[in-house]
Amino acid sequence: MESFEYASPGTLKEATALLGSSWSDAAILAGGTDLISMMKDYVVSPKRVVNIKHIKELGGVGKKGNALRIGATATFDELASNAAVRSDFPSIHKAVLGVASPQIRNMGTAGGDLCQRPRCWYYRTGNGLFGMKDGKSLVVNGENQYHGIFGSGNAYFVSPSSLGPALIALGATVKAVGPSGARDIKAEDFFIVPASENDREIALKPNEIVTEILIPTAATKNSTYEIRERDAIDWPVATASVALTMNGDSIRSARVVLGHVGPKPYVAKEAESFLAGKTISEDVAEQAGAAAVRAAKPLSKNEYKVQLAKVAVKRALLQASGKNV
Amino acid sequence: MGLNTGQVAGVQMADVSVDIETGRVRINKVVAVQDCGLVVNPRLAESQVYGALIMSCCAALVEERVMDQVTGRVLNADMEFYKLAGINDIGELVVHMDIAPEHDKRGIIGLGEPPAVGGVAAIANAAANAAGVRIPLVPLTPRHVLAAVAKNGRNA
């Protein structure tokens with residue numbers, strides 16, 4: 001790895017002042033489970049690394065008004081063992097348990113999960129975020145078995161966030177602080193498709209820090225279903241997070257968000273409108289899954305992910321309605 | 001006779017479940033019976049066979065070298081994407097050394113590779129039996145299993 005300057009501020013104000021106006025100026029270190037390996041592989045070489053783990057106000061998980069507050073540096077282990085998360089937000093709980101190694105759960109943070117970089121192996125082997133060579137995409141005709149089925153432009157990588165789909169489904173808000181103050185970003189708007197290889201997959205500015213996530217505690221039936229290739233620690237090949245606002249036995253409104261299928265979590269609008277007014281059954285869940293992937297455009301080696309996304313939606317819906325899948 | 005022989009025999013058997021919707025193959029149990037002539041240290045010999053079965057599970061389920069055809073670069077040169085099976089993926093392993101006086105007479109023979117040869121085929125055979133369709137490629141990932149099922153499977 002390249003040499004870098006290290007800073008460990010005690011306050012948010014100091015921390016934001018240490019960040020730069022460009023992404024290459026500084027990188028934020030929290031759990032370090034992503035950043036350090038990228039620095040070792042020379043994928044990123046920030047001039048300065050800013051450790052935010054000593055900023056007390058960024059930690060913790062707990063009630064805040066009518067919301068559940070997840071601090072940016074709260075670890076996945078804190079989320080996994082939190083009683084309110086387990087009882088009210090099984091979709092978050094299941095997404096957290098999907099990160100299958102206790103070591104990663106002990107170190108990895110909620111903010112880091114949102115801000116981590118894609119795992120695309122073309123990106124990680126130094127071909128840039130879009131995996132281009134001589135003006136052509138290496139992904140389209142290459143080893144795209146883990147890439148997006150909802151690609152956008154040249155962005156075929158998949159958003160790696162475990163929490164993202166669940167947070168969008170639950171209508172969460174991400175709070176960010178920069179030199180000019182704090183702002184609220186809807187989870188749905190937090191993830192973006194980068195316009196160029198030098199941009200990020202998130203709506204933050206280079207000198208902003210995620211401080212907390214707020215999930216409204218409105219009663220929903222929610223769940224997350226993850227499909228991966230092995231039980232041991234592994235990236236999902238498809239996930240679905242659903243949140244249902246009920247009217248008795250029927251669904252008043254539904255949120256259905258897919259993970260690991262596109263450069264940002266994919267909001268399956270067609271499935272959402274299909275589900276409105278329905279009662280969950282095996283058949284309805286199956287049809288919602290089919291609706292969710294109707295617009296999918298698989299690449300040469302990832303057609304199977306269309307089926308997996310469909311099944312993930314079906315099983316997440318059945319799970320949310322209390323059935324064992 | 002001695003440290004090598006053409007007469008080594010062994011058999012591997014597998015019991016697996018296939019989720020026909022996701023293409024996930026789960027190994028429930030793998031049994032190996034192995035002969036290797038005169039067994040000097042049974043625990044050490046069994047341990048070799050356990051290792052061979054674990055390697056079989058890895059190769060059958062997830063292990064794969066992925067190379068980009070344009071750049072010639074190995075894309076999964078790390079333990080994140082060069083996948084091995086974890087303890088939950090391996091299932092129950094049973095090893096039985098075939099120890100008998102007539103084998104002892106043949107002297108000591110090397111061990112390790114023979115039980116790793118048939119394990120993948122045993123697991124793939126079991127997966128084919130469960131899915132009702134031959135899956136012609138390993139590893140038996142959702143991608144390969146679903147492709148075979150879509151072509152020819154019970155759900156087709």
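Because the structure is predicted, anything quoted here is derived from the model rather than measured. Quick note on labels: first sequence line is chain A, next is B, and so on, each numbered from 1.
Here the closest non-hydrogen pair linking B:T22 and A:L308 is O-CD2, 3.3 Å. Shown here for B:D89 and A:A232, the closest heavy-atom pair between the two residues is OD2-N, 3.1 Å.
A salt bridge does not link B:D78 to A:K40: none of the charged side-chain nitrogens sits closer than 4.0 Å to a carboxylate oxygen. By the 4.0 Å N-to-carboxylate-O rule, A:E229 lies too far from B:R24 to be salt-bridged with it. We find that A:R315 and B:E21 are joined by a salt bridge, their nearest charged nitrogen and carboxylate oxygen being less than 4.0 Å apart.
Checked by atom type and distance alone, the side chain of A:R230 pairs as donor or acceptor with a backbone atom of B:L84 at under 3.5 Å.
Between chain A and the residues B:N76, B:V74, B:N88, the most heavy-atom pairs under 4.5 angstrom are made by B:N88. Considering only heavy-atom pairs separated by less than 4.5 Å from chain B, the leading option among A:R124, A:K305, A:K314, A:E303 is A:K314.
A heavy-atom distance below 4.5 Å is found between the side chains of A:K133 and B:T71. With contacts defined as side-chain heavy-atom distances shorter than 4.5 Å, the pair A:Y304/B:H144 does not qualify. In this structure, the side chains of B:R143 and A:N302 stay at 4.5 Å or more apart for every pair of heavy atoms.
Atom NZ of A:K297 is surrounded by 12 or fewer heavy atoms from other residues, nucleotides or ligands within 6.0 Å. The number of heavy-atom neighbours closer than 6.0 Å to CE of A:M39, taken from other residues, nucleotides and ligands shown, is above 12. Heavy-atom contacts from other residues, nucleotides or ligands closer than 6.0 Å to CG of B:D104 number more than 12.
Only the side chain of A:D234 comes within contact range of chain B, with at least one heavy atom under 4.5 Å from a heavy atom of that chain. If you measure heavy-atom distances from A:K310 to chain B, you find no contacts under 4.5 Å at all. In this structure, chain A has a heavy atom under 4.5 Å from the side chain of B:L146, while its backbone stays farther away.
Once rounded to the nearest 0.5 Å, the distance linking CZ of A:R119 with CD of B:E80 reads 4.5 Å.
Ring geometry for A:W121 versus B:F81: interplanar angle over 60°, hence perpendicular rather than tilted (30 to 60°).
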Check against side-chain contact (heavy atoms from CB on, under 4.5 Å), A:N127 and B:R73
CA-CA 11 Å; A:N127 295 292; B:R73 179 155 184 177; 5.6 Å; no

